[in-house]
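Okay, structure first, notes after.
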Amino acid sequence: MFQHYDVIVVGAGHAGCEAAIAAANMGSKVLLATMNMQTIAQMSCNPAMGGVAKGQIVREIDALGGYSGIVTDHTMVQFRMLNKSKGPAMWSPRAQNDRMMFAAKWREMLEANENLDFWQEMVTGLIVKDGRCKGVHTSIGLEIKSSTVVLTNGTFLNGLIHIGEKQLGGGRAGERAAKGITEQLLGLGFESGRMKTGTPPRIDGRTLDYSKMEIQHGDEEVCKFSFTDTPELTKQLPCHVTYTSSDVHESLKEGFHRSPMFNGRIRGLGPRYCPSIEDKINRFADRDRHQLFVEPEGWNTCEIYVNGFSSSLPEDVQYNALKKVAGFENMKMFRPGYAIEYDFFPPTQLYPSLETKLVDGLFFAGQINGTTGYEEAACQGLMAGINAHLKQSEQDPFILKRSDAYIGVLVDDLVNKGTKEPYRMFTSRAEYRILIRQDNADLRLTPIAVKLGMKGLDDRMERVHAKQESIKEVEKFLSATSITADQVNGWLSNINSSPLKQTVKLKSVLSRPKVHLSDLSAIHPRLESFLQDIPSNFVESAEVNLKYEGYLAKEQEMVEKMNRLEDLILKDDFDYHGISSLSAEAKEKLVEIKPRTIGQASRISGVSPSDISVLLVHVGR
């Protein structure tokens, strides 16, 4: 029935879809195995993509040839650029999506690739011979052979759903858990753990009183996630905001003794930055209300997602408490919220390519590595798919540095530091965030993807070249064109900026706080005429480069210093125990992680600067 595949991807969530399409677009023959082909690319939790730091990741996925950005643009119902009041390094795009359209569009794009086959069945184990993964076993006893395997099992590995005192085996509401893989991996010597995540109740939007809530519209100026020619969003659905109250909290507390979180039934660690409503009430006892976002699930459904009310309390407790929320007095529930526990494998057991250290040709991506979020999963899938293709074609792995992308930060954090709770990306985790902004992901990463051999990027590279040229032209114009004191001083006084004493170049005025190109073009006819034919996103990137060129230069200098350490290779068989001047903790961590470079070694918890100095001596530096 089956040919020998180059790559088998197990699981068709966000990580699995990106892994499969990445490997297929690089030329591998790929099989995507899923327990249910009707739930490919399911948005299991909130119907949204992007957000703080997550939006940057989606744009990076797109710049590397992934599909998450394209699918998001085709299925948006609302767009907002978050953190616009802060500097451009913090700007983060976020979209509300049509849940059903999102999954349908992903499947349509996957099925359009001739290198990609599908198989609907549970994968129960791996074919491992002589320390190498050579395929998978399925629940009906089939053996499917391949050169590499990517596991993207999400919350399905021995998944256990909690609703109050009820426990149901499952990987998602209405779907069974995956059995067998964890047990085999433990037998092969892997270490595993348990994590927890949760989801809120789904509500019948026809029964809500939106007049009692705050309306939250999308941005008037809609941006896109993809750098390709995707559709523009011309109309948007509103979200709404409401709040819990002390009455809601008291109602919820009545069920705390039946909560699996508080009675010890749930042992896995949940996400710190997306706690359940009962956890919020318990941890922030001084607060008498918490914000709830009332989010539509799509254009043609009345189903509502109550963002901020994730819960594993009994369904009657959830129902009675929600009825006391403003606007929810007459609400009807489609299904209660629940918590789910699942197996994960600490990611320090991986190389930076996301290949496992114990089994050659086996890759992990997504929640199996201890992360949370569609975006974090999708970017890991992309990297694992690319590296699975490179592995089977006997090429060197593709690894992004922390200075290259948020994706590089995420993978580096996981494989060097591990995680004891669901890992979520934030802008604060990226030390070079001025360099790796959302607006320049295409300039940073698309040329790299082309060199890797990712197919179908010719149009993207044309856009990259056009953007680079436009940015140069804008910078050249602003550096060469003058503005007089008479032209600008009246406006400068309005924004409390000191007046000019002489004619200066436009670039000089732009460098001031509160000054933007749009403002200058309104008072400088030549600038307005020059900018009118240049796409606004190109102009925005040029403006950021000019306003922050001092900071950019400083970060680039830091990157170059760090890259000198990244160029110093450490072999897998490096004898750390043979170096007496290394600390005992450093020896233990270095043997466990097996860093590829001195730079990677420097980011491992427990390896001190003095340990790095010792290693530098031993590699001849």
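From a predicted model like this one, the values you see are computed outputs, not experimental measurements. Just so you know, these numbers use all the heavy atoms, side chains as well, and skip hydrogens, waters and symmetry mates.
For E528, there are no salt bridge (Lys or Arg N to Asp or Glu O under 4.0 Å) partners two or more places apart in sequence or in a different chain. In terms of the ring-ring contact (aromatic ring centres under 6.0 Å, His included) criterion, F398 has no residue partners (sequence neighbours excluded).
Electrostatic pairing of R463 and D442 does not count as a salt bridge here, judged by no charged N lying under 4.0 Å from a carboxylate O. Ionic pairing of K105 and E108 is present here: one or more N-O contacts between side-chain nitrogen and carboxylate oxygen are shorter than 4.0 angstrom. With respect to the salt-bridge test (charged N to carboxylate O, under 4.0 angstrom), the residues E297 and R202 qualify. Checked for salt-bridge contact, E431 and R603 miss the test: no charged N lies under 4.0 Å from a carboxylate O. Ion pairing between E555 and R437 fails under the 4.0 Å rule for side-chain N and carboxylate O. Salt bridge absent: D412 and K401 never bring a charged side-chain N and a carboxylate O closer than 4.0 Å.
Both the sub-6.0 Å distance and the 45° axial angle are satisfied by K84 relative to the ring of W91.
Ring orientation note: the planes of Y374 and H14 are close to parallel, at an angle under 30° on the 30°/60° scale.
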Quick one: do I495 and L492 satisfy side-chain contact (heavy atoms from CB on, under 4.5 Å)? Show the steps, please. CA-CA 5 Å; I495 62 168; L492 288 176; 4.3 Å; yes
Evaluate the criterion salt bridge (charged side-chain N to carboxylate O under 4.0 Å, His left out) for residue pair K324 and E250; output intermediate values, then yes/no. CA-CA 10 Å; K324 296 178 180 178; E250 289 305 314; over 6 Å; no
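Side-chain contact check for T75 and N97: at least one donor-acceptor pair (N or O, by modelled atom type) lies under 3.5 Å.
In this structure, CD on E214 lies 7.0 Å from CD on Q291, to the nearest 0.5 angstrom. Here K467 contributes atom NZ and D439 contributes atom CG; the two are 6.0 Å apart, rounded to the nearest 0.5 Å. Put simply, CD1 on I483 and CG on N489 are 9.0 Å apart, with the number rounded to the nearest 0.5 Å.
Side-chain atoms of Q78 do not come within 3.5 Å of backbone N or O of Q236 as any donor-acceptor pair.
For residues 44-64, the set of pairs meeting the side chain to side chain donor-acceptor pair (under 3.5 Å) definition, not counting sequence neighbours, comprises S44-R172, K54-E375, K54-E376, Q56-S92, R59-Q438, E60-R444, D62-S226, D62-R460.
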